[in-house]
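Counting starts at 1 for both ligands and their atoms, following the listed order.
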Amino acid sequence: MISDPCPRGRIFIKQLWERVYPQLVPAVLKAFHEGVDDLAQGGSFHGYGPEQGYSWLAQTIIDKAYKPLGVQLETSEVFISDGSKCDSANILDIFNIDCKVAIGDPVYPVYNDTNVMVGRTGEADKQGYYEGIVYMPCTEENGFAPVYPSEKVDIIYLCFPNNPTGTVATKEQLKGWVDYARANDAVILFDAAYEAFITEAEIPHSIYEIEGAKECAIEFRSFSKTAGFTGVRCGLTVVPHELLATTASGERVQLNQLWNRRQCTKFNGVSYPVQKAAAAVYSDEGWAQVQEIIDYYMANAEIIRKGLDAAGITCYGGVNAPYIWLKTPQGMTSWDFFDKLLNECFVVGTPGSGFGPSGEGYFRLSAFGERENVAEAVKRIVEKWGK
Ligand SMILES: Cc1ncc(COP(=O)(O)O)c(C=O)c1O
């Protein structure tokens with residue numbers, strides 16, 4: 001089992017995605033090659049492209065990923081990018097530095113660290129909480145679901161399916177957030193990087209499945225885990241036209257216009273062959289091939305979850321997400337467990353405390369691995385800590 005890096009404080013585990021997806025699926029590779037060949041000829045050469053992405057890719061995404069959910073979008077609301085890490089960080093460019101931010105704890109570290117980097121916070125306290133950020137603890141007691149901020153905030157980060165806890169939000173829970181954001185004039189930054197891993201039919205894939213969400217939410221999606229684009233780089237951000245925010249002088253502005261301006265000024269768009277490859281993910285052939293890989297990883301997740309469960313090791317996630325969030329055995333700290341797991345079982349995972357103070361005492365295992373390695377890793381963990 002391998003992990004992606006968690007650049008928060010002490011944690012930095014080398015990214016090993018090449019071993020996760022040894023290759024792109026054939027339909028995607030073919031389109032990628034064709035895109036490169038197009039560049040060799042005058043008639044089909046593509047130079048500077050639209051910074052927002054080609055409208056044929058945006059339309060494909062709308063037709064294949066959003067319409068089936070009952071979500072109607074226009075191509076000018078979909079911005080193709082080089083990934084949702086960059087977008088969830090760069091989006092801060094369109095918000096005033098005085099905006100108050102709420103983030104989960106534990107959390108995908110980018111949300112926290114980018115707010116620190118832009119200077120929105122003070123110092124971190126002993127636990128690692130930065131002054132100025134409103135943290136929403138996600139604990140075993142609250143089912144790892146963030147609770148509404150205790151004070152007025154302007155920006156709320158939500159990530160479902162969640163990294164690191166692997167938990168999801170129901171439609172009712174998301175409706176609660178949409179209602180809350182609209183009532184409090186807050187913008188939700190909804191990270192749906194793992195939506196393709198949802199297996200339960202009733203779980204929402206997009207925040208726009210909730211009525212009113214277009215008035216209060218920006219959504220990020222990524223081809224990285226869905227289709228092995230971690231090295232190729234492609235993602236998208238949806239900024240609906242209905243989404244307005246209040247300026248310091250009290251004026252209501254469209255965030256779509258601000259993001260468009262930001263992208264046109266600071267971003268040159270995603271390369272043409274990459275966008276061709278991304279569109280191929282949604283071809284019948286491409287989607288079937290990608291789905292097969294997703295199913296493979298979710299079967300890995302089930303092996304981990306059931307194996308740990310049966311051995312009496314408490315764990316969460318792994319049903320609608322490729323991550324399993326386990327409670328460290330014998331009350332060990334996240335880092336003690338990391339050391340023991342690495343040195344005694346030769347298995348690598350990510351210490352929960354690296355995702356925030358509420359992650360202490362937890363550990364994230366990833367389902368992105370070869371089946372036999374996953375099964376062997378579970379066997380070793382169970383032999384050592386199973387009851
Ligand atoms: C919650 C979450 N959002 C975004 C990303 C990054 O996605 P991308 O590769 O598109 O930048 C990751 C990757 O680990 C993630 O876990």
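- For the pair D191 and S84, the tightest heavy-atom approach, listed with the atom from each and the gap, is OD1-OG, 4.4 Å.
- For the pair D179 and K175, the salt-bridge criterion is met [side-chain N within less than 4.0 Å of a carboxylate O].
- By the criterion of a heavy-atom distance under 4.0 Å, the side chain of C159, and not its backbone, is placed next to ligand 1.
- Ligand 1 places these atoms under 4.0 Å from at least one heavy atom of K85: 6 (C), 7 (O), 8 (P), 11 (O).
- Connection of I198 to V319 is not established within any shared hydrophobic cluster, with ILVMFWY side chains joined at heavy-atom distances below 4.5 Å, either directly or through further cluster members.
- Which of S222, P164, S84 comes nearest to atom 4 (C) of ligand 1 through a heavy atom is settled by distance: it is S84.
- For ligand 1, the atoms closer than 4.0 angstrom to any heavy atom of S224 are 8 (P), 9 (O), 10 (O).
- Relative to atom 15 (C) of ligand 1, the option among Y323, Y194, Y157 with the closest non-hydrogen atom is Y194.
- Side-chain contact between D38 and F45: absent, with no pair of heavy atoms (C-beta onward) separated by less than 4.5 Å.
- With rounding to the nearest 0.5 angstrom, the CG atom of N90 is 13.0 Å from the CZ atom of F79.
- The ligand atoms of ligand 1 that sit less than 4.0 angstrom from a heavy atom of D191 are 1 (C), 2 (C), 3 (N), 4 (C).
- Checked by distance only, ligand 1 and Y111 stay at 3.5 Å or farther apart across all their nitrogen or oxygen atoms.
- Per-residue contacts place G83 under 4.0 angstrom from the following atoms of ligand 1 (heavy atoms of the residue considered): 10 (O), 11 (O).
- Partner of N115 under the side-chain contact (heavy atoms from CB on, under 4.5 Å) criterion, out of V110, I133, I97: I133 alone.
- K276 has no carboxylate O lying under 4.0 Å from a charged side-chain N of D37, or vice versa, which leaves the two without a salt bridge.
- Side-chain contact check for E77 and N256: no donor-acceptor pair (N or O, by modelled atom type) lies under 3.5 Å.
- Looking at F220 against ligand 1, nothing comes within 4.0 Å, counting heavy atoms.
- Every atom of ligand 1 with a heavy atom of N163 under 4.0 Å away is listed here by number and element: 1 (C), 15 (C), 16 (O).
- Listed by atom number, the atoms of ligand 1 under 4.0 Å from R233 heavy atoms are 8 (P), 9 (O), 10 (O), 11 (O).
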